[in-house]
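Computed from heavy atoms alone, side chains included, the values below leave out hydrogens, waters and symmetry copies. Along the sequence shown, residues are numbered consecutively beginning with 1.
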Amino acid sequence: MINNAELPPCPVETTLLVIGDKWKVLILRELLGGTKRFGQLRKAIGSISQKVLTAQLRAMEEDGLLTRHVYAEVPPRVEYTLTELGQSLSPILDVMRKWGEDYKTRFGR
């Protein structure tokens with residue numbers, strides 16, 4: 001978790017510090033649809049490596065954006081769910097999606 005003393009004075013910079021990584025935004029996008037297992041996240045995101053996905057999920061858990069639930073099964077089942085704080089990022093991702101759609105329409109890509 002980021003120490004309050006380490007947070008930048010600018011709120012936009014703080015937001016970027018927490019979710020500014022491309023992978024974190026894509027993980028958020030997937031988890032906004034509901035709880036997912038590791039394999040489901042990796043498949044949905046595509047080009048992310050197992051090592052990077054693991055590191056990003058751990059960082060997001062430390063930052064309070066998601067919870068990790070391990071089931072006592074063989075093989076172990078692990079599920080990830082957004083916390084209330086993570087869910088609160090939904091409007092930001094909605095605006096990013098809309099902006100991306102408008103950009104693609106404007107430039108024909």
Side-chain angles (χ1 to χ4, degrees):
M1 169 118 7
I2 302 165
N3 182 326
N4 197 31
E6 298 170 349
L7 292 175
C10 173
V12 173
E13 191 176 347
T14 299
T15 304
L16 287 173
L17 182 65
V18 176
I19 66 162
D21 183 278
K22 138 183 166 175
W23 299 119
K24 289 180 182 176
V25 173
L26 296 178
I27 292 167
L28 286 167
R29 177 197 69 193
E30 293 306 317
L31 290 178
L32 281 168
T35 298
K36 301 269 189 309
R37 294 176 68 176
F38 184 90
Q40 292 174 305
L41 288 170
R42 187 159 180 219
K43 184 176 180 182
I45 294 169
S47 60
I48 191 169
S49 72
Q50 181 172 334
K51 180 180 177 179
V52 170
L53 180 56
T54 299
Q56 295 298 312
L57 289 167
R58 285 182 183 154
M60 293 172 75
E61 184 178 15
E62 287 178 21
D63 289 339
L65 300 178
L66 59 83
T67 58
R68 177 179 183 262
H69 188 266
V70 181
Y71 293 88
E73 300 174 354
V74 177
R77 178 170 48 118
V78 181
E79 293 182 339
Y80 298 90
T81 305
L82 289 180
T83 61
E84 187 176 326
L85 180 63
Q87 288 282 346
S88 73
L89 291 163
S90 179
I92 294 170
L93 268 66
D94 288 343
V95 170
M96 290 174 71
R97 179 191 47 78
K98 174 72 172 105
W99 188 91
E101 289 171 352
D102 292 347
Y103 182 87
K104 288 170 70 173
T105 300
R106 176 179 283 184
F107 291 101
R109 296 179 184 175

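- The 12-atom threshold is exceeded at CZ of Arg77, counting heavy atoms of other residues, nucleotides or ligands nearer than 6.0 Å.
- Annotation for Ile48 and Arg42: closest pair O-NE, 3.3 Å, computed over non-hydrogen atoms.
- Counted within 6.0 Å of CD on Glu73, heavy atoms from surrounding residues, nucleotides or ligands total more than 12; the atom is thus considered enclosed.
- Taken from CG in Leu41 to CD in Gln56, the straight-line distance is 12.0 Å, to the nearest 0.5 Å.
- Leu31 and Val78 fall within the same hydrophobic cluster, where Ile, Leu, Val, Met, Phe, Trp and Tyr residues are linked whenever their side-chain heavy atoms come under 4.5 Å apart, directly or through other members.
- When all heavy atoms of Gly64 and Thr83 are compared, the closest pair comes out as O-OG1, 2.6 Å.
- Contacts classified as side-chain hydrogen bond (donor to acceptor under 3.5 Å, both in side chains) and involving residues 89-102 (residues at least two apart or in different chains) are given here: Arg97-Glu101, Lys98-Asp102.
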For Tyr80 and Ile27: C-alpha separation, side-chain torsions, deciding distance, then whether side chain to side chain contact (heavy atoms under 4.5 Å, CB included) applies. CA-CA 10 Å; Tyr80 298 90; Ile27 292 167; over 6 Å; no
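- Closest approach of Asp63 to Leu85, counting heavy atoms only: O-CD2, 3.8 Å.
- Under a hydrophobic-cluster definition in which Ile, Leu, Val, Met, Phe, Trp and Tyr are linked whenever side-chain heavy atoms come within less than 4.5 Å, directly or via other members, Trp23 and Val25 are assigned to the same cluster.
- Arg37 has its side chain within reach of Gln40: a pair of non-hydrogen atoms, C-beta onward, lies under 4.5 Å apart.
- The shortest heavy-atom contact between Ala44 and Arg29 is O-NH2, 3.8 Å.
- Residues Met96 and Leu65 share a hydrophobic cluster, clusters being chains of Ile/Leu/Val/Met/Phe/Trp/Tyr side chains in contact below 4.5 Å.
- Hydrophobic clustering keeps Val18 apart from Val95 (ILVMFWY residues linked when any side-chain heavy atoms are closer than 4.5 Å, directly or through intermediates).
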